[in-house]
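Take a look at the structure set out below.
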Amino acid sequence: MYMHNILEVRADNGIKLKFVGNKVHTGFDFFLSANSIDKNIDYLIFFDSRGISKGFDKSLVKRILEYIGEKKHIAICRPLNLTTWATLSNFLSINKIYPKSIVTNMGFVDFISKKKKLLDEAIE
């Protein structure tokens, strides 16, 4: 079995957010931004690596942030190497975040069989 830690990361506005995992992803496609310290936000934008893809300037996340403007939000892309529906569920639970709307790409692909090690990690 895997032993996971509670990882704490600061967004660009200083709010501390927690993730369940072994380590925070450090690649170019990791993104964490918030414009509110309130836990009752208008939007939680939560993506895997596809939120950033080849770079922020042409990313889906940038377009969504431009669209929602100044509404209270937290935007996250690929916080863990394996970012799945379980990552989203854990994030909401341990941070006690209450978004009015969630924009995500976590879908049916996240429920299909993967390598046993990755599946065990997601279940953990």
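Predicted model, so just to flag it, every value in this text is computed and none were measured.
The only member of Leu88, Asn95, Val103 that meets side chain to side chain contact (heavy atoms under 4.5 Å, CB included) when paired with Leu44 is Leu88.
For residues 60-71, the set of pairs meeting the side chain to side chain donor-acceptor pair (under 3.5 Å) definition, not counting sequence neighbours, is empty.
With sequence neighbours excluded, the residues that form a side chain to side chain donor-acceptor pair (under 3.5 Å) with Asp42 are Lys100. Take Lys23 and apply the side-chain contact (heavy atoms from CB on, under 4.5 Å) test, not counting sequence neighbours, and it matches no residue. For Asp38, the side chain to side chain donor-acceptor pair (under 3.5 Å) partners are Lys72, not counting sequence neighbours.
Once rounded to the nearest 0.5 Å, the distance linking CG of Leu60 with CD1 of Ile64 reads 4.0 Å. Note that CD1 of Ile45 is 4.5 Å distant from CG of Leu65, once rounded to the nearest 0.5 Å.
Counting only distance, with no hydrogens or angles, the side chain of Ser59 and the backbone of Phe56 share a donor-acceptor pair below 3.5 Å. Using modelled atom types, no side-chain atom of Asn5 and backbone atom of Leu7 make a donor-acceptor pair closer than 3.5 Å. No donor-acceptor distance shorter than 3.5 angstrom exists from the side chain of Asn105 to the backbone of Phe47, with no hydrogens or angles considered.
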Let me have the donor-acceptor pairs involving side chains of residues 13-20, under 3.5 Å, with sequence neighbours excluded, atom names and distances please.
unit_1	atom_1	unit_2	atom_2	d
Asn13	OD1	Ile15	N	3.1
Asn13	ND2	Ala34	O	3.4
Asn13	ND2	Ser36	O	3.1

Mind listing the side-chain donor-acceptor pairs of residues 24-32 below 3.5 Å, one per line with the distance, residues two or more places apart or on another chain?
unit_1	atom_1	unit_2	atom_2	d
His25	NE2	Gly27	N	3.2
His25	NE2	Asp29	OD1	2.7
Asp29	OD2	Arg78	NH1	2.8

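Ile74 and Val9 end up in the same hydrophobic cluster when Ile, Leu, Val, Met, Phe, Trp and Tyr side chains are linked at under 4.5 Å. Residue Tyr43 is grouped with residue Ile52 when hydrophobic side chains (ILVMFWY) are merged at heavy-atom distances under 4.5 angstrom, including chains of intermediate members.
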Decide side chain to side chain contact (heavy atoms under 4.5 Å, CB included) for Phe46 and Thr87; before the verdict, give the C-alpha distance in whole Å, the side-chain angles of both, and the deciding distance to 0.1 Å.
-> CA-CA 10 Å; Phe46 200 97; Thr87 313; 3.9 Å; yes
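Contact between Gly69 and Asn35 at its shortest, heavy atoms only, is O-ND2, 4.4 Å.
Residue-environment remark: CD1 (Ile37) stays at or below the threshold of 12 foreign heavy atoms within 6.0 Å.
By the 4.5 Å side-chain criterion applied to Ile, Leu, Val, Met, Phe, Trp and Tyr, Tyr98 is assigned to no cluster and stands alone.
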